[in-house]
Structure formats: structure tokens, C-alpha cells
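Order of the sequence lines fixes the chain letters, A, B, ..., with proteins taken first and strands second; residue numbering starts at 1 for each chain.
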2 protein chains.
Amino acid sequence: MSPRRRGDLEPARRTSAPVFAALGDDTRLSLVAKLSDGQRHSITRLCLGSALTRQAITKHLRVLEGARIVRSVRSGRESLFELDPAPIRQVRTYIDSVSEQWDRALSRLKSFVEDGAPGQG
Amino acid sequence: MSPRRRGDLEPARRTSAPVFAALGDDTRLSLVAKLSDGQRHSITRLCLGSALTRQAITKHLRVLEGARIVRSVRSGRESLFELDPAPIRQVRTYIDSVSEQWDRALSRLKSFVEDGAPGQG
DNA sequence: TCAATATGCAACCAAAAGGTTGCTTTTATT
DNA sequence: AATAAAAGCAACCTTTTGGTTGCATATTGA
């Protein structure tokens, strides 16, 4: 029926791609790094080391929020951001399954060659 | 001197962001999945299940190649692509260090709270 | 209440991303 | 030699991204 060869990477793919995309920016990765101290930070605080505008940083935070990597709570006049480690763990699992599949394929290839099978390249 | 608080995530960040960006697309993730069988595939082969044009797929392959996730070798009239697992392993390591840092921070927070320190939120 | 602080909102802009179509070139095949 | 197959090149288009500036709004604090 549906093309389900190989491992089960394919369901997790659609959910992983947006997380990868959100992590695919240096500014956003540095925001994640700052937030990986497990605490809540205001936007102005997160702007500190950066050359960018507050609004630029805000946009990046919203991108991270869209990928659920980050949550925001309003507290008084400031909005505080905190990391949600779940999506990052999820892509880690995805990467693991890709690597694992690659390793298995390679060992199959190896034993295939060791058996002296016909030319493979 | 240079702002080197926290762990050593910061050097690896600049090299990881492009890899994340390259993985942040569903089409490209599916190409990676196909190539994770450890074998070389031609472009037309990689186009098979897709609704996109060959040229679109080619562009995606070039993006993956730019991030060193994939290598291409010309063989006769076709150009064959194969996965290079190194960059993916690299981002996996990066993710691990972020998670690890988060876990450490959380356990520090926890013992801090257990010591009955003044209000933390 | 007035001023400072923190953020939100919106318009705008340039560049990059993702995709298409059409044509050429190279390599196989018959 | 002629045809078919595989890929490359280039122009073009639309949407998204990453960033800016300017102004409005909400919340503190003196």
C-alpha cells in the first residue's frame, strides 16, 4: 500500500523539519543557549549581547515560539521567555534514528562485501 | 575578556546553524532519509516519490551539499549523491551539550529551591 | 500625575528561498 | 548516426526571512 520501506523515520520527519528550521539560525541558536540556563528571561535581557534591534530579537523569539522550542509568559510590563526542552529532545531522537539506520545499512554493506558479492561501485 | 560564561556551546554554534538550516526542510529531510541507506543515488532516482521537478530536487541536493551533509560524484552521465554522516553527528553532539546544560541548570535550580532560598518566581 | 521602561504593532525593504519553464550539453544505447 | 536519458544552466517568478524605523500602549516608580 503506502510506501513504507525502511525504518519509521517518515512520520517524525514532518514534525522535525520546523524545529530544525527554527534552530537553523545563529541568532536563534544563541537565544537557545542563553535560555538553556533553565530560567526565564525578558526580551530586553535577551537583547543584551546582540547588535540587532529589540524587534529583530523579538521576531526570532516568535519563530522559536512557533516551533514550541520556547514559551512566553507575560509578567507585568515584561514578557518572559523560557525554554521547552521537549522539541529539541524530539529532533535528537530523530537524528539518532537516522544515524542508527545509516550505521545498520553500513554494516550490512560491509558483510555483503566480505561475502565477496559482485561489484558494488 | 571575551564573554565566555557557561559551557562551550558557543564555538560549535556557528558551525551547527547551517546544518540545522539545511535540515529544516521536509523535502531535504526526506532526501536525507533516502540517502541514509548508505548507498549512492542518482538525481532521477532521488526524484522518484516526489511531486517536485528534478531541478527543484537538484537545488535541495546542492543545499545539502553546501552544508556537507551530502557529497556528489559524477559517474558517466549521472551524478551520484551519498550521505556524509559527520555533520549530522556534529549537530547531535551540539544538541546533547544544550540538553546537558539545561539538565544541570535544572538540578541546580532544584537544590536551590530545596534549600529554601528566597522567591524564585 | 509624569517620566521612564518594556513591549507591541505596522509598514516597509532587500535579499534569499523555493519553485517553475525552456534549452543546452554530455553520455548511453541501438 | 540518431535517439534517448541524465543532468546542467539560466532566467524568471512569488513568498518568506531577516531586518529596519516610527509610533502606540501598558506598566512601574518617583
**OP:** Evaluate the criterion side-chain contact (heavy atoms from CB on, under 4.5 Å) for residue pair V70(B) and E82(B); output intermediate values, then yes/no.
**Re:** CA-CA 6 Å; V70(B) 131; E82(B) 65 182 348; over 6 Å; no
Subject >> Separation of dA6(D) C1' from L61(B) CG (nearest whole Å) >> reply: 14 Å
Original post:
Atom CG of D25(B) to atom C1' of dT17(D): distance rounded to whole Å?
Top reply: 14 Å
Original post:
At under 4.0 Å, does any side-chain N or O of H60(A) touch on OP1 or OP2 of dT17(D)?
Top reply: no
Under 3.5 Å, which N/O atoms of the protein pair with N/O atoms of nucleotides 10-15 of chain D?
none

Original post:
So, the side chain of R28(B) versus the backbone of A22(B): is there a donor-acceptor pair under 3.5 Å, distance only?
Top reply: yes
Original post:
Counting only N and O atoms by type, is there a donor-acceptor contact under 3.5 Å from the side chain of S42(A) to the main-chain atoms of R45(A)?
Top reply: yes
Subject >> Difference in axis direction between the ends of the helix from dT1(C)-dA30(D) to dT30(C)-dA1(D), five pairs, 10° >> reply: 20°
Original post:
Could you state the CZ-C1' distance from F81(A) to dG8(C), rounded to the nearest angstrom?
Top reply: 11 Å
**OP:** Quickly work out the L23(A) CG to dT17(D) P distance and round it to whole Å.
**Re:** 15 Å
Original post:
Which nucleotide, dA7(D), dG8(C), dG18(C), lies nearest any side-chain atom of R28(B)?
Top reply: dG18(C)
**OP:** Using heavy atoms to find the nearest nucleotide of DNA chain D for I57(A) and E78(A) separately, return the residue whose nucleotide is more 5′.
**Re:** I57(A)
**OP:** Using a cut-off of strictly less than 4.0 Å between a heavy atom of the residue and any atom of DNA chain C, enumerate the qualifying residues of residues 62-77 of chain A by number.
**Re:** R62(A), R74(A), R77(A)
**OP:** Could you pull out the closest heavy-atom pair between S36(B) and A33(B), with the gap in Å?
**Re:** OG-O, 2.6 Å
Subject >> Donor-acceptor under 3.5 Å (S50(A) side chain, C47(A) main chain) >> reply: no
Subject >> Proximal nucleotide (of dA6(D), dT20(C), dG18(C)) relative to the T44(B) side chain >> reply: dA6(D)
**OP:** Determine the minimum heavy-atom distance between S75(B) and L80(B), stating which atoms define it.
**Re:** CB-CD1, 3.8 Å
Original post:
To the nearest angstrom, how far is L48(A) atom CG from dA6(C) atom P?
Top reply: 10 Å
Original post:
Within the structure shown, what part of the strands sits under 4.0 Å from R45(B) by heavy-atom distance: base, sugar-phosphate, or nothing?
Top reply: nothing
**OP:** Treat each ILVMFWY residue as a node, draw an edge where side-chain heavy atoms are under 4.5 Å apart, and state whether F81(A) and I57(A) are in one component.
**Re:** yes
**OP:** Rounded off to whole Å, could you give me the CZ-to-P distance for the R54(B) and dA5(D) pair?
**Re:** 13 Å
**OP:** Answer yes or no: does a side-chain N or O of S79(B) lie under 4.0 Å from OP1 or OP2 of dG8(D)?
**Re:** yes
Original post:
Would you call R89(B) and D103(A) a salt bridge, taking side-chain N to carboxylate O under 4.0 Å as the test?
Top reply: yes
Original post:
E65(A) and R71(A): which non-hydrogen atoms are nearest, and at how many Å?
Top reply: OE2-C, 4.4 Å
Original post:
So which heavy atom on R62(B) is nearest to which on S79(B), and how close?
Top reply: NH2-OG, 4.4 Å
Subject >> Nearest-angstrom distance from the residue atom CD1 of I43(B) to C1' of dC9(D) >> reply: 13 Å
Original post:
L46(A) has an atom CG; how far is it from atom P of dG8(C), in whole Å?
Top reply: 12 Å
Subject >> Pair E78(A)-T44(A), side-chain donor/acceptor within less than 3.5 Å >> reply: no
Original post:
Are R68(A) and D84(A) close enough for a salt bridge, meaning some N to O gap below 4.0 Å?
Top reply: no
